[in-house]
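Computed over heavy atoms, backbone and side chain alike; hydrogens, waters and symmetry mates excluded.
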Amino acid sequence: MGDFTNMIIIAGLIAIGMAALYFIFKQNPDHEKKEEEDVFALPYLRKSVQHIFNEILNQNIAELYLNKTETLKREEQKARLNRALRSCTHGNIGEKEYIKDYIKDLLQDSLNVNENTIDEILPFDDPEELSTQDKFEILLYQQKKEHGRLGFEKLNELCNFDKDKERDGNVYYEATKEDVEEAYEIHAQPLDYIDKLEIVTQRIYQEAYGLSVIDEIRDMTIDGVSGGVSGVSTEQYYYMEECLHNDALKPARTYDSVWVFLHGKPIHMSCLSFGTQRELIRVCKNLYMYDNVGHLTSTSGYKLTYMHDSSRVVVVRPNFTTHWSFFVRKFDSAKSMDMDWLVRGDDKQDLIELTKWAVKGCLNVIVSGDQNSGKTTFLRSMIQEIDPRYPIRTTEQDFELWLSNTFPELNVQSFRETETVSLMEALGIEKKTDGAIMILGEINSPELAEAYISLTQAGTKMCICTIHTLTADDLVDYMRNSLLSANFTNEMIAEEQVANSIHLDIHWEKTSDGNRYISRVTEIVPHGRDDEWPEDRDECVVEGLKRLTRKRAFTTNDIFIYEDGRYVLKNAPGERLTNRILRNLSGRNKEEFLAFNSQLQDKASINKGA
């Protein structure tokens, strides 16, 4: 009897266990239904596209037993896809479009996306159901379709993202969700199937392989874009627990931070967000991986590099900073931006004309000014005036000018420092490459300042660079002190060397509202050692006393200054500048410059008389 009871108990336990297993592993019909309903959800489509791409890349073509021609064709297609996926996110627009075309084909051929189903992916037919990001990307797509890379700039004109806003008496620029909602109601155009497919494809691409919400913005003609630079970091959250429990206060996180720089104005794109910290980190890693610069670790803390289209990238991370963030600076071709477009203000033609003659006449020019004031862009536009017969050599710490891309018809070679080659070594090699025009990029160290002075005295036709100084006196002082820190011992002789090496200082400034302008064009006039003495005895004594009491080895001559929105001619170019320009001109150019210079002399005399 006992054995029978035990058998019943064991059988009961087995039945209960099997029932439990059944209910645990039984698929929920509602769950199956939900999966079927989600086949047009963006996460599902994104994962499906990634899965198909991974299958293609991992496929062993030999196992298909194709003929030799077809095998080679498949291998090439596989290699082509692999190359595109590796470089599409690094600023290579061609490869990006290739991947997007591939995704469009997959959506339609393999994932059942068509005119009847595309509205299930994004509710294009119901604007109230569209998110702010959806509406922004639709508006940007429509402007890009009509204006190309100027799409964001045109959208800004429609939506007034850079319009002054005030908070606590302070002016700022912000593209809010309300701005986008209002703009969508006014400016959104009807979308056909192809438009919807392009928008969906871009969304899938940017979330799977691209740069998330900044992917299309980065490709536009802008000054730059950055992310992770505002908002509350994860670490700070632990110290704000009381605030966070207050529903009235919901501070933005660092991954909600997107800033676009347009025409010198920093616009906070609060209408956009990366969504999660993981997504922000993914974007940061995608940005710096071009050119195999290695991994960004907490030990190194930062990466300074560039992208396929010459954009400069800085990515930082803890422990070097409090949180992950990135900074992309665009260096779009200035060849299409002539000086007339870059220089803003009234009565600018004489200033532009003088700058052109300064370049044609091979003056040593330094473009000074604040950060992001337009120095590098203006320098690139100056290159258009260089005699194409002169070979150009550039030396930079990191490539920013990319003159060979902008002027492929010119004889240009660019050098930069590496882990094994210093800038000074690069300059030594550069001098042996038949260069006539030397461009030193940005001077930001005493070594580079000394190198500039050395280049101007090494037989080069002209030397150009940029620098962050405020006045012409500051410029000469910085250069002089750099020589003194090297091997000069006499301050006056070092200053004479500097004054003799620099002809023009073109100074750029930027106002808080983003307005960029040339505040002055200043001539450096060295005091000549061999200047003639007056014949009159008394005048000679006076001149001698003046020379004995000189505190500087030079004077400055402001040729143009910016006053009240217009460029005012203060003084004509001096004899030293005029003679230097004439020595490097010939034929008709010399006659044209003499005529222009004569006009400047007359205008300067009239202005002084007034």
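- Taking 4.5 Å as the limit, every side-chain heavy atom of Met492 sits out of range of all side-chain heavy atoms of Arg552.
- Residues Val260 and Phe161 are not in side-chain contact: their nearest non-hydrogen atoms beyond the backbone lie 4.5 Å or more apart.
- Listed by chain and residue number, Glu279 satisfy the side chain to side chain donor-acceptor pair (under 3.5 Å) test with Ser212 (two or more places apart in sequence, or in another chain).
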Quiz item: Given the rule in the side-chain contact (heavy atoms from CB on, under 4.5 Å) test, do Leu140 and Met220 qualify, once you have shown the distances and angles that lead to the verdict?
Solution: CA-CA 10 Å; Leu140 184 60; Met220 299 291 171; 4.0 Å; yes
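- Within the cation-pi definition used here (under 6.0 Å to the ring centroid, within 45° of the axis), Arg520 does not qualify as a partner of Tyr562.
- Between Tyr288 and Leu304, the closest side-chain pair of non-hydrogen atoms is not below 4.5 Å.
- When all heavy atoms of Cys271 and Phe136 are compared, the closest pair comes out as SG-CD1, 4.4 Å.
- Judged by distance alone, the side chain of Asn557 and the main-chain N or O of Glu523 form no donor-acceptor pair under 3.5 Å.
- Side-chain contact of Lys461 with Asn584: a donor-acceptor pair under 3.5 Å is present, judged by distance alone.
- Arg393 and Asn411 form a side-chain donor-acceptor contact under 3.5 Å, judged by distance and modelled atom types alone.
- Scanning both residues, Tyr306 and Tyr290, for their nearest heavy atoms gives O-CD2, 3.3 Å.
- Looking at Lys163, its side chain never comes within 3.5 Å of a backbone N or O of Tyr173 through a donor-acceptor pair.
- Among all heavy-atom pairs drawn from Asp505 and Ser368, the shortest one is OD1-OG, 2.7 Å.
- Side-chain atoms of Asp474 and Thr469 form no donor-acceptor pair, as typed in the model, at a separation below 3.5 Å.
- Glu496 CD to Ser501 OG: the interatomic distance, rounded to the nearest 0.5 Å, is 11.0 Å.
- Side-chain atoms of Val568 and Phe560, non-hydrogen and from C-beta on, never get closer than 4.5 Å to each other.
- Shortest non-hydrogen contact noted between Ser414 and Thr394 is OG-OG1, 2.9 Å.
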Validation: residues 354-362 side-chain donor-acceptor distances under 3.5 Å, sequence neighbours left out:
| residue | atom | partner | partner atom | Å |
| --- | --- | --- | --- | --- |
| Thr355 | OG1 | Leu351 | O | 2.9 |
| Trp357 | NE1 | Glu353 | OE2 | 3.2 |

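- Enclosure of atom CG in Asp164 by more than 12 non-hydrogen atoms of other residues, nucleotides or ligands within 6.0 angstrom is indicated.
- Taking the six-membered ring where tryptophan is involved, the planes of Phe320 and Tyr302 are tilted, since the angle between them lies from 30° to 60°.
- Counting only heavy atoms from C-beta outward, the side chains of Gln497 and Met479 never approach each other to under 4.5 Å.
- Centroid-to-centroid, the aromatic rings of Trp508 and Phe378 come within less than 6.0 Å.
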Practice problem: Run the numbers on Leu211 and Leu287 for side-chain contact (heavy atoms from CB on, under 4.5 Å), then give the verdict. | Solution: CA-CA 8 Å; Leu211 302 174; Leu287 282 168; 3.8 Å; yes
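- Each of Ile383, Leu403, Thr406 was compared with Val412 under the side-chain contact (heavy atoms from CB on, under 4.5 Å) criterion, and only Leu403 meets it.
- Taking the side chain as every heavy atom from C-beta outward, Ile464 and Met462 approach each other to under 4.5 Å.
- For the pair Tyr567 (side chain) and Ser519 (backbone), a donor-acceptor distance under 3.5 Å is absent.
- For the residue pair Asp558 / Thr522, a side-chain donor-acceptor distance below 3.5 Å is found, with atom types taken as modelled.
- To the nearest 0.5 Å, atom CZ of residue Arg317 and atom OG1 of residue Thr297 are 7.0 Å apart.
- Atom CD1 of Ile222 sits about 11.0 Å away from atom CD of Glu153, to the nearest 0.5 Å.
- Tested against Ile524, the residues Val498, Val476, Asn364 include a single side-chain contact (heavy atoms from CB on, under 4.5 Å) partner, Val476.
- Taking OG from Ser454 and CE from Met438, the interatomic distance works out to 10.0 Å, rounded to the nearest 0.5 Å.
- Proximity of Tyr478 to Pro446: side-chain heavy atoms (C-beta onward) are separated by under 4.5 Å at one or more points.
- Between the CG atom of Leu455 and the CD atom of Glu450 there is a distance of 10.5 Å, given to the nearest 0.5 Å.
- For the side chain to side chain donor-acceptor pair (under 3.5 Å) test with Asp219, the passing option among Lys96, Arg149, Lys144 is Lys96; the others fail.
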Quiz prompt | side-chain contact (heavy atoms from CB on, under 4.5 Å) between Phe326 and Val229, worked out | solution = CA-CA 8 Å; Phe326 65 84; Val229 294; over 6 Å; no
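- Asn286 contributes no side-chain N or O that, together with a main-chain N or O of Thr89, makes up a donor-acceptor pair within less than 3.5 Å.
- Rounding to the nearest 0.5 Å places CD of Glu592 at 5.5 Å from CG of Asn589.
- Between the side chain of His308 and the main chain of Ser87, no donor-acceptor pair closer than 3.5 Å is present.
- Checked by atom type, the side-chain pair Gln349/Asp340 shows a donor-acceptor distance below 3.5 Å.
- No side-chain donor-acceptor contact under 3.5 Å links Asp387 to the backbone of Tyr390.
- Using a 4.5 Å heavy-atom threshold, the side chains of Leu401 and Leu379 count as touching.
- Asp179 pairs by the side chain to side chain donor-acceptor pair (under 3.5 Å) definition with Lys165, Thr176, not counting sequence neighbours.
- Under a 3.5 Å cut-off, the side chain of Thr456 and the backbone N or O of Ile453 do form a donor-acceptor pair.
- Ser311 and Asp309 share a donor-acceptor pair across their side chains, judged by distance under 3.5 Å alone.
- There is no side-chain donor-acceptor pair under 3.5 Å between Trp324 and Thr254.
- Side chains of Glu417 and Ser422: no donor on one and acceptor on the other come within 3.5 Å.
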